[in-house]
There are 2 protein chains.
Amino acid sequence: MQEIAAAAGVSRTTLHRAFGDRATLVERVSEHVLAECSRLFDEAGIDEAPVMAAFDRLIEMPLPLAKAYALLLAEPGAYRIARLVEEIRTQDDRFERFFARGQADGIFRPELPPRWLVYSFGAQLTALWWAVDDGFVGTRDATRLLRATVLTGIATDAAAAPDPGSEGKP
Amino acid sequence: MQEIAAAAGVSRTTLHRAFGDRATLVERVSEHVLAECSRLFDEAGIDEAPVMAAFDRLIEMPLPLAKAYALLLAEPGAYRIARLVEEIRTQDDRFERFFARGQADGIFRPELPPRWLVYSFGAQLTALWWAVDDGFVGTRDATRLLRATVLTGIATDAAAAPDPGSEGKP
DNA sequence: TGGGGGTGGGACAGATTTGTTTCAGATGGT
DNA sequence: ACCATCTGAAACAAATCTGTCCCACCCCCA
């Protein structure tokens, strides 16, 4: 509480006046993050817009939201609030349907479980915020790097298709 | 402490006798995790073995270590121990050199900063543990999914190369 | 000049955590 | 049976955290 108040630039007293209990504080913050996330999904049109276009809008998500979402998932107290757990599950399911739709449309590889894509994408989004925060990635490069890594991976085309079996050996 | 002791199946007293202070406990555990990680890097031969072979050995890393490493990075107290921070930096640099070597050998895309590859790979490794833990990914599929997602991404070959410009439109 | 309304500092009791000590019981080797 | 060693339960003081007061202060508006 002391640290939170200090980070927010207010006193512990004010923090308490604004949110009351500690439990209600995490609840309010979590609700806000989830709602913001849902709003971004809406704006990107992940339910109905063309998959690749929605994907491109999605990866421009503001990084601070990714940070907040990661911190929310890292907060153990959040999992004790049934409504929040339910909401997180709902969002995951929604995101999973997006990837499944992409697979049906031939955009995403069908052999990868859509649920795994949710995890993988989310993890890389968090990693991107972290890398930017640590100063290793510029804000300008962020979207490009995320798009490249998520969509086409890190291997070169030559290395990714070793079936022809004619490269790499001296 | 109470929870840690319970999770370890011992009493709080024994935990204290074994590690003394709480600070020294996190320090000892962190040291162990870092050392284990370094040992796995050695075994995989990330400094000198052929890049793709080392990569394939690396992605078979035991998931519990990824879990422990993620928890270590999530522990705020760890960053107050200068030696640990230094060690983490050393490991990151070593891993970054691995990716740079892969780029020099034509295995990894040269346009992605090696440091970002460290972040992206680490994030997906953590995500994989999480997905397995949540029951969405079987232990048997784990390595395959990680390899596919990291190396070649999630897009189909058709969607990944939209330059020819002849697919996806009805 | 005189209030509202919001804010911070300080103080407070209650709860929780932490580190330590003591003692009783279990284990295992000789 | 005996001793060494380890463990857990309980109790304890010290420290920290939490939630709530109260009061002084500041700022803005009338």
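Proteins get letters first, then strands, A, B, ... in listed order; numbering begins at 1 in each.
At most 12 heavy atoms of other shown residues, nucleotides or ligands fall within 6.0 angstrom of atom CZ in Arg80(A). Atom CZ of Arg39(B) has more than 12 heavy atoms from other residues, nucleotides or ligands within 6.0 Å.
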Look for any protein N or O under 3.5 Å of an N or O in nucleotides 16-22 of chain D and output each such pair with its distance, or none.
unit_1, atom_1, unit_2, atom_2, d
dT18(D), OP1, Arg22(A), NH1, 2.5
dG19(D), OP1, Asp21(A), OD1, 2.5
dG19(D), N7, Arg12(A), NH1, 3.1
dG19(D), O6, Arg12(A), NH2, 3.1

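Ion pair Asp56(B)/Arg147(B) flagged as a salt bridge, since at least one NZ, NE, NH1 or NH2 atom sits closer than 4.0 Å to an Asp/Glu carboxylate oxygen. Here Arg115(A) does not pair with Asp134(B) in a salt bridge; the nearest charged N to carboxylate O distance is not below 4.0 Å. Salt-bridge formation is not detected for the pair Asp92(A)/Arg89(A): no Lys NZ or Arg NE/NH1/NH2 atom is positioned less than 4.0 Å from an Asp or Glu carboxylate oxygen.
Distances shown here put every side-chain N or O of Ser11(B) at or beyond 4.0 Å from the OP1 or OP2 atom of dT7(D).
Rounded to whole angstrom, the span from the CG atom of Leu15(B) across to the P atom of dC6(D) amounts to 16 Å.
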